[in-house]
Amino acid sequence: MRHGLPAISPPIITLLKSCNTLRCFEQIHVQIIHKGFEHDNYLISNFISGCCTSFSLLRYATTVFNSVSCANTCLWNSLLNGHCNYSSLSSSLSVFSAMRASSEGVPDKYTFPPLIKCCSNELDVFVGVGIHGLLIKYGVEDNVFVGSSLVDFYGKCKLIGDAQKVFGEMPDRNVVSWTCMLVGYVNCGDLVSARRVFDAMPKRNRVSWNAMICGYVKLGELNSARKLFDEIPSKNVHSYTTMIDGYAKCGDMASARFLFEECLAKDLVLWSALISGYAQNGLPKEAVKSFQEMQFSNTRPDEHIMVSVMSACAQVGNLELANEIDSYMSRSSFDLQRTHVAAALVDMNAKCGNMERAMSLFHNMPKRDLVSYCSMIHGHALHGQGTEAIKLFYNMLSEGLMPDDVAFTVILTACSHAALVEEGYCLFDMMKSKYSITPSPNHYACMIDLLGRSGHLEAAYDLLKSLSVENHSESWGTLLGACRLHCDTDLTEVVASRLVELEPCNAGSFVLLSNVYAAADRWLDVSIVRKQMIGRGLRKIPGCSWV
DNA sequence: GTAGGGTTAG
């Protein structure tokens with residue numbers, strides 16, 4: 001195609017390497033057309049590969065590709081790779097079909113790895129196996145890249161026997177093929193085999209070390225993970241992230257923090273591991289503090305970090321901070337429409353008391369799922385807006401969403417906070433009969449709270465008596481609080497003595513019982529209870545009662 | 001004659 005043309009394309013290729021925006025690609029495309037290179041496969045292939053670095057540019061790459069009169073295999077592969085990385089399996093498959101239907105685009109060893117990777121990402125066993133058959137027809141199954149991607153595919157789909165078979169038949173294996181096999185075993189929960197592969201590997205790189213450590217972390221074997229972590233010949237930030245994540249998962253944030261400090265090259269993902277660890281372990285103040293430290297170190301947060309920070313803020317219920325974060329999110333170029341971002345924003349605003357903002361965000365969500373509905377309902381519950389909560393709950397049902405046990409916990413909480421007894425009963429029945437959800441101790445606690453708060457103490461007591469004793473101490477505590485609220489001394493005595501049996505080491509029930517006696521001027525009983533308490537070695541812990 | 005592909009982390 002390029003016979004006799006002046007050597008003008010290399011400068012365009014140089015330009016392409018530094019190009020990353022649509023505007024920039026458009027300008028170069030104009031140049032290509034202007035110089036008459038639009039059918040130069042070599043140049044266009046470079047152009048398309050450069051263009052296929054983001055989803056937004058993929059459409060443009062496709063347009064440019066379509067203007068080429070006669071695309072060769074390499075050009076098809078560039079386009080296909082872009083679709084596999086930034087689009088869906090189905091759109092990649094239509095490119096693949098078009099390629100096979102064309103006269104020049106014969107699939108080769110470069111065609112299949114991206115396609116198989118796409119099948120692994122979508123865990124599409126059916127398509128993946130079909131493609132495996134096809135690639136044998138094209139005679140590329142001996143290629144090490146093709147083989148590795150197949151091992152990875154079967155491993156990710158938990159078809160470990162097939163992964164082993166492909167791995168065993170590979171004529172050449174390299175460190176990537178071995179690592180794919182290792183990851184496959186980890187995926188199937190077989191750490192022993194994974195370790196066997198790790199020990200047998202002729203060569204290891206950082207990725208293989210991290211994959212093995214990640215395996216231990218995923219399956220909760222933190223000691224083995226740490227032992228291997230200390231043996232890594234050269235750690236990188238990924239190794240630290242994996243290990244910190246492991247500590248966070250088992251709640252050991254002190255060790256996580258220690259490793260975090262030790263890692264010198266902190267990147268965004270490392271900060272994220274620390275911050276989300278704090279947020280998920282109920283340490284919201286530390287999460288927010290670390291977030292501020294991160295900003296201080298000139299690291300710009302991304303949406304993953306912001307979701308963690310918003311969850312932390314929701315936990316502390318700090319309205320001022322919530323407003324700050326909210327306006328920061330709007331000012332910066334975050335996409336507030338993305339499901340998990342929007343859900344976190346709604347949840348934070350609802351929990352911190354800005355219900356108006358929460359409502360408007362909620363109604364502007366492109367798709368409201370069960371979680372976002374529950375955040376909103378929970379927000380109403382926290383602010384005693386039971387009627388709104390119930391309205392929203394029925395809205396959710398009419399949208400066809402299937403409530404789960406958490407949704408019912410939330411709506412029952414809303415009913416109890418607003419003393420909506422009949423509605424609560426009705427929903428409790430609906431949960432059991434219509435949705436076949438067996439009430440958990442939590443659900444019972446909500447019902448006891450609902451009945452107790454609204455003064456139906458006997459009904460609450462009867463319901464509680466009908467349950468097995470185990471797992472319901474929280475409900476007994478709830479009822480005790482209600483008895484105290486309604487000054488029912490007789491029932492308090494009964495419930496508190498029951499609770500003393502259930503949790504003989506909990507000072508709270510003793511304290512409550514003695515308080516009730518005190519309020520009724522029964523000072524002799526007060527001193528008996530206090531003596532019992534001291535006799536058991538219990539002291540009153542400040543702020544530990546239920547009322 | 002050139003170009004295009006596979007593994008770890010939130």
Side-chain angles (χ1 to χ4, degrees), chain A residues 1-2 7 9-10 13 16 40-50 52 71-82 84-85 99 105 107-120 135 140 143-153 155-156 166-167 170 172-184 186-187 194 197-198 201 203-218 232 235-246 248-249 263 267-277 279-280 301-308 340:
Chain A
M1 282 288 167
R2 299 175 61 223
S9 55
I13 287 182
L16 269 173
D40 181 337
N41 277 340
Y42 173 62
L43 187 55
I44 297 296
S45 158
N46 269 285
F47 183 88
I48 290 182
S49 302
C52 285
N72 63 10
T73 295
C74 181
L75 194 48
W76 276 105
N77 285 342
S78 303
L79 183 72
L80 182 64
N81 190 27
C84 290
N85 282 322
M99 175 184 190
D108 65 1
K109 59 183 177 174
Y110 290 97
T111 311
F112 293 99
L115 256 184
I116 295 164
K117 185 184 171 189
C118 199
C119 295
S120 316
L135 69 86
V140 295
N143 177 269
V144 66
F145 284 77
V146 173
S148 299
S149 61
L150 281 172
V151 172
D152 182 58
F153 162 73
K156 290 223 168 97
V166 174
F167 182 76
M170 284 174 75
D172 301 308
R173 297 179 202 117
N174 60 17
V175 64
V176 178
S177 336
W178 282 89
T179 308
C180 290
M181 195 61 235
L182 189 164
V183 170
V186 167
N187 238 295
V197 170
F198 180 78
M201 287 174 80
K203 254 188 183 169
R204 295 181 198 105
N205 62 14
R206 274 188 204 155
V207 177
S208 9
W209 280 90
N210 289 346
M212 191 64 234
I213 292 168
C214 179
Y216 283 129
V217 164
K218 270 186 187 152
I232 303 180
K235 299 178 182 72
N236 64 0
V237 65
H238 298 325
S239 334
Y240 277 97
T241 307
T242 305
M243 207 54 232
I244 288 175
D245 207 39
K249 277 201 183 90
C263 180
D267 70 355
L268 199 57
V269 184
L270 190 81
W271 279 104
S272 179
L274 182 78
I275 294 171
S276 71
Q280 280 160 20
D302 68 356
E303 59 181 54
H304 290 280
I305 301 242
M306 292 317 293
V307 168
S308 298
H340 60 295

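All chains are named by letter (A, B, ...) in the order of the sequence lines, taking the proteins before the strands, and each is independently numbered beginning at 1. The basis for the numbers below is simple: all heavy atoms, side chains too, and nothing from hydrogens, waters or symmetry mates.
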statement: OG of A:S239 to CD1 of A:I232, rounded to nearest 0.5 Å, is 4.0 Å
query: Planes under 30° and centres closer than 5.5 Å, is that true for A:Y110 with the base of B:dG5?
result: no
- request: For A:W76 and B:dG4, give me the distance from atom CH2 to atom P, rounded to whole Å.
  value: 19 Å
- line: Rounded to the nearest 0.5 angstrom, the OG1-CH2 distance for A:T111 and A:W76 is 11.0 Å
message: From the set B:dT8, B:dT7, B:dG10, return the single nucleotide nearest to any side-chain atom of A:T179.
response: B:dT7
- prompt: Rounded to the nearest Å, what distance is computed from the CE atom of residue A:M243 to the P atom of nucleotide B:dA9?
  reply: 15 Å
message: So if I take every side-chain heavy atom of A:V269 and compare against B:dA9, B:dA3, B:dG6, which nucleotide ends up nearest?
response: B:dA9
field: Side-chain donor/acceptor contact of A:N143 with base of B:dG6 under 3.5 Å
entry: no
- request: Return the nearest nucleotide to the side chain of A:N210; candidates are B:dT8, B:dG5, B:dG10.
  value: B:dT8
query: With a 6.0 Å cut-off on ring centres, are A:W178 and A:F198 close enough?
result: no
- prompt: Side chain of A:D245: nearest nucleotide among B:dG10, B:dG4, B:dT7?
  reply: B:dG10
query: Is a donor-acceptor contact shorter than 3.5 angstrom present between the side chain of A:S148 and the base of B:dG6?
result: yes
Candidate nucleotides B:dG6, B:dT8, B:dG4, ranked by approach to the side chain of A:S49 - the nearest: B:dG4
- prompt: Given B:dG10, B:dA9, B:dG5, which nucleotide is nearest the side-chain atoms of A:I305?
  reply: B:dG10
- prompt: From the list B:dA9, B:dG5, B:dT8, which nucleotide is the closest neighbour of the side chain of A:A211?
  reply: B:dT8
task: Calculate the interatomic distance between A:I44 atom CD1 and B:dT2 atom C1'; express it in whole Å.
output: 15 Å
field: Euclidean distance, atom CG of residue A:N85 to atom P of B:dG4 [Å, nearest integer]
entry: 14 Å
task: Answer yes or no: does a side-chain N or O of A:K117 lie under 4.0 Å from OP1 or OP2 of B:dG6?
output: yes
task: Let me know the distance between CG of A:L270 and P of B:dG10, rounded to the nearest Å.
output: 11 Å
- prompt: Considering only side-chain heavy atoms of A:C214, which listed nucleotide, B:dT7, B:dT8, B:dG10, is closest?
  reply: B:dT8
- prompt: For the side chain of A:D302 and the base of B:dG10, is some donor closer than 3.5 Å to an acceptor across the two?
  reply: yes
- request: Report yes if a side-chain nitrogen or oxygen of A:K249 is closer than 4.0 Å to either non-bridging phosphate oxygen (OP1 or OP2) of B:dA9; otherwise report no.
  value: no
- prompt: Looking at the side chain of A:T241, which of B:dG4, B:dT8, B:dA9 is the nearest nucleotide?
  reply: B:dA9
- line: A:F47 CZ to B:dA3 C1', in whole Å, measures 15 Å
task: Give, for atom SG of A:C180 and atom CG of A:L150, the distance between the pair rounded to the nearest 0.5 Å.
output: 10.0 Å
message: Looking at A:N41 and B:dA3, is any side-chain donor or acceptor paired with a base atom of the opposite kind under 3.5 Å?
response: no
task: To the nearest Å, give me how far apart CH2 (A:W178) and C1' (B:dT7) are.
output: 14 Å
message: Please report the interatomic distance CG(A:D108) to CG(A:N77), rounded to the nearest 0.5 Å.
response: 5.0 Å
query: OP1, OP2 of B:dT8 versus side-chain N and O of A:K218: anything below 4.0 Å?
result: no
message: Of the listed nucleotides (B:dA3, B:dT7, B:dG10), which one gets closest to any side-chain atom of A:Y42?
response: B:dA3
task: May I ask you to verify if any side-chain N or O of A:N81 is less than 4.0 angstrom from the OP1 or OP2 atom of B:dG5?
output: yes
